[in-house]
Protein chains: 2
Amino acid sequence: MPGTDLDATFAALADPTRRAILARLAAGEATVTELAAPFAMSQPAVSKHLRVLERAGLVSRGRDGQRRPCRLEARPLRDATAWLADYRDYWAESYQRLDALLDELRAAGDAGGSR
Amino acid sequence: MPGTDLDATFAALADPTRRAILARLAAGEATVTELAAPFAMSQPAVSKHLRVLERAGLVSRGRDGQRRPCRLEARPLRDATAWLADYRDYWAESYQRLDALLDELRAAGDAGGSR
DNA sequence: TGGTTATAGAACCAGGAGGTTATAAATGCC
DNA sequence: GGCATTTATAACCTCCTGGTTCTATAACCA
């Protein structure tokens, strides 16, 4: 019931080409051919990647003559980050537990003198 | 050259069953049958999901008799979060731009009295 | 009008993902 | 040893993904 949007977002982020496209777009708008240039793949392949990013809401496109400039949309990235952030507490707790364990071991080591 | 680990992490996170498994594991260790119980799918299907999570480094497993208890490994989640965090600046910038735009509109509205 | 550039679409292909059922392997219980 | 429980493996199916090439659409240029 939750997360069909997260499905699309994480799936879109799972491809290195698409992450590179997003990284490029973080520097500003770009056209399809500009985005396609650095990659060793055909233009339709890049257009497909852009369609995936667009359907995930990560990219939106304008119209400028025959160009279709793409720009980054940050909202889904925020949602994904928010989902991951729910695990921050767990991480913190884990590291706390680890710290506590290390403290115990250190204390035991000092007291018992083993090793 | 970048991101083959991120590939696996984001791909693993792209499935709602696997995200639910991670959410369950954030509450503590669990066996395969415990993890499989809430889902309307076969046990081998859940084992496959666990293998995906394990290969992505998101889950590690111990051995307790015939049980193979699973526990959450937070590191890849941190790495994914770190990647997303690189876009924070962009978001901030975007919202700054949005704020600036809203300010402009508000100022124009106050001055021109439109609406 | 005709030619070039920018992008999308269609058809196709190989491989992987996510599911199934049936079966095997390992461990615990009498 | 014999049986139940837990988990993994194998074989199979269907659908999606990521790529290709070829072609169509649309806008600019002259």
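Predicted model, so just to flag it, every value in this text is computed and none were measured. Numbered from 1 within each chain, the chains take letters A, B, ... in sequence-line order.
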Exercise for the section: Using five pairs at either end of the helix from C:dT1-D:dA30 to C:dC30-D:dG1, determine the angle between the two local helix axes and round it to 10 degrees. Expected result: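 For the helix from C:dT1-D:dA30 to C:dC30-D:dG1, the axes at opposite ends meet at about 20°.
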
Fill in the blank from the handout: Rounded to whole Å, CG of A:L35 lies from C1' of C:dA6 at a distance of 13 Å

Completion exercise
Whole-Å distance, B:Q43 CD to D:dT9 C1', equals 10 Å

Problem - Whether B:F10 and A:F10 hold their rings parallel, tilted or perpendicular, with breakpoints at 30° and 60° - result: parallel

Practice task
Name all pairs fulfilling the salt bridge (Lys or Arg N to Asp or Glu O under 4.0 Å) condition that reach into residues 33-51 of chain B, sequence neighbours left out, sorted by first residue then second.
Solution key: none

Problem - For A:T33, side-chain hydrogen bond (donor to acceptor under 3.5 Å, both in side chains) partners two or more places apart - result: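 Expected list: A:T31.
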
Exercise for the section: Would you please name every residue forming a side-chain hydrogen bond (donor to acceptor under 3.5 Å, both in side chains) with B:Q43, sequence neighbours left out? Expected result: B:S47

Practice task
Would you indicate, yes or no, if D:dA8 has its OP1 or OP2 atom less than 4.0 angstrom from a side-chain nitrogen or oxygen of B:R67?
Solution key: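 No, B:R67 has no side-chain N/O under 4.0 Å of OP1/OP2 on D:dA8.
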
Problem - Phosphate-side-chain proximity, B:T33 and D:dT7, N/O vs OP1/OP2 below 4.0 Å - result: yes

Sub-3.5 Å pairs of nitrogen or oxygen atoms, protein against nucleotides 16-19 of chain D:
residue, atom, partner, partner atom, Å
D:dG18, OP1, A:R18, NH2, 3.0
D:dG18, OP2, A:R18, NH1, 2.9
D:dG19, OP2, A:H49, NE2, 2.2
D:dG19, N7, A:K48, NZ, 3.1
D:dG19, O6, A:K48, NZ, 2.1

Problem - Heavy atoms of other groups near B:R67 CZ, more than 12 under 6.0 Å - result: no

Exercise for the section: Could you encode protein contacts along nucleotides 24-30 of chain D as a string, one character per nucleotide from 5' to 3', using B for base contact, S for sugar-phosphate-only contact and - for no contact, with a heavy-atom cut-off of under 4.0 Å? Expected result: ---SS--

